[in-house]
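Everything below concerns the one structure shown next.
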Amino acid sequence: MPVPEGTPDARRRVIVAQGLLDQLAASPTSAEKSAGYTTHVPGGLGVAGPGRKDPEDTLRLSTTPARLTSYALAQIVCTLSDSAATEGDGSVILGGPAPAPLRRYECTDTVRDRPGSTDPPSSEVTAA
C-alpha cells in the first residue's frame with residue numbers, strides 16, 4: 001500500500017489495513033480459485049484508527065469482529081498481524097465501532113493452517 005511519506009503512524013496503519021481488507025474482500029482471480037483460494041471477508045468492511053482511550057495500535061472495524069465468520073476473522077487477523085498495519089508481533093487489536101470492546105487476536109499456526117476450524121485466540125484489551 002502506498003502511504004505518503006510523513007504520514008503519522010496511526011493514519012499509516014489505517015491506510016494499510018483498509019487496503020488489505022479491500023484486497024481480502026475482492027473475489028479471487030481464476031488462477032487463485034484454481035489454486036484453492038477463497039475469501040470470506042465481506043465487501044465494504046471499513047477500518048478506523050483508535051478511539052480517544054484506545055491503545056495506539058487499535059484498529060476498529062465497521063462491524064464487530066464477533067459478527068464475522070471464523071473464516072473471515074482468521075483471514076483478517078492473519079493478514080493484518082503480519083503487515084505494516086500492526087506492531088509486527090503476530091497479533092492485532094480489533095474492535096467494532098466505538099465503544100465496542102477491544103480484543104487482541106493472535107494468528108497461530110493452527111489458525112493459519114486451518115482457518116475456520118476455530119476462532120483466533122484472543123484476550124480482552126482494556127482502554128487507557
Side-chain angles (χ1 to χ4, degrees):
M1 300 290 113
V3 178
E5 198 167 317
T7 301
D9 281 348
R11 181 71 188 130
R12 175 190 52 79
R13 283 192 288 271
V14 170
I15 292 169
V16 170
Q18 187 63 63
L20 291 170
L21 288 177
D22 292 346
Q23 288 180 354
L24 285 172
S27 294
T29 65
S30 58
E32 290 168 333
K33 286 179 186 174
S34 294
Y37 289 101
T38 61
T39 187
H40 295 273
V41 177
L45 187 61
V47 65
R52 262 187 32 245
K53 295 183 179 183
D54 294 344
E56 68 178 16
D57 55 343
T58 297
L59 295 171
R60 287 200 171 268
L61 302 175
S62 58
T63 190
T64 59
R67 291 185 152 218
L68 298 169
T69 67
S70 57
Y71 286 102
L73 187 57
Q75 287 179 304
I76 291 168
V77 167
C78 288
T79 299
L80 294 179
S81 68
D82 288 338
S83 76
T86 62
E87 298 300 314
D89 66 354
S91 70
V92 60
I93 298 174
L94 296 175
L102 301 173
R103 297 196 69 79
R104 180 179 295 277
Y105 293 89
E106 294 181 52
C107 180
T108 63
D109 289 339
T110 301
V111 171
R112 189 179 305 281
D113 294 343
R114 293 181 304 203
S117 62
T118 184
D119 283 340
S122 67
S123 57
E124 186 177 337
V125 174
T126 55

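- For Ala100, the side-chain contact (heavy atoms from CB on, under 4.5 Å) test picks out Arg60, Thr64, with sequence neighbours left out.
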Pair up each side-chain donor or acceptor in residues 34-47 with any protein partner under 3.5 Å, not counting sequence neighbours, and list the distances.
unit_1, atom_1, unit_2, atom_2, d
Ser34, OG, Ser30, O, 3.0
Thr39, OG1, Leu24, O, 2.3
Thr39, OG1, Val41, N, 3.3

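- Residue pairs satisfying the side-chain hydrogen bond (donor to acceptor under 3.5 Å, both in side chains) criterion with at least one member in residues 71-80, sequence neighbours excluded, are absent.
- Counting only heavy atoms from C-beta outward, the side chains of Lys53 and Leu102 never approach each other to under 4.5 Å.
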Hey, can you pull the donor-acceptor pairs under 3.5 Å for the side chains in residues 112-120, sequence neighbours left out?
unit_1, atom_1, unit_2, atom_2, d
Arg112, NH1, Asp82, OD2, 3.4
Arg112, NH2, Asp82, OD2, 2.7
Ser117, OG, Arg114, O, 2.6

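- Within the 4.5 Å cutoff, no side-chain heavy atoms of Pro65 are placed close to those of Ile76.
- Scanning for side chain to side chain donor-acceptor pair (under 3.5 Å) contacts around Glu32 gives Thr29, with sequence neighbours left out.
- With contacts defined as side-chain heavy-atom distances shorter than 4.5 Å, the pair Val125/Thr58 does not qualify.
- Residues meeting the salt bridge (Lys or Arg N to Asp or Glu O under 4.0 Å) test with Asp9, sequence neighbours left out: Arg12.
- Annotation for Val16 and Ser83: closest pair CG1-OG, 4.3 Å, computed over non-hydrogen atoms.
- Within the 4.5 Å cutoff, the side chain of Val111 has heavy atoms near those of the Pro121 side chain.
- Taking the side chain as every heavy atom from C-beta outward, Asp54 and Ile93 never approach each other to under 4.5 Å.
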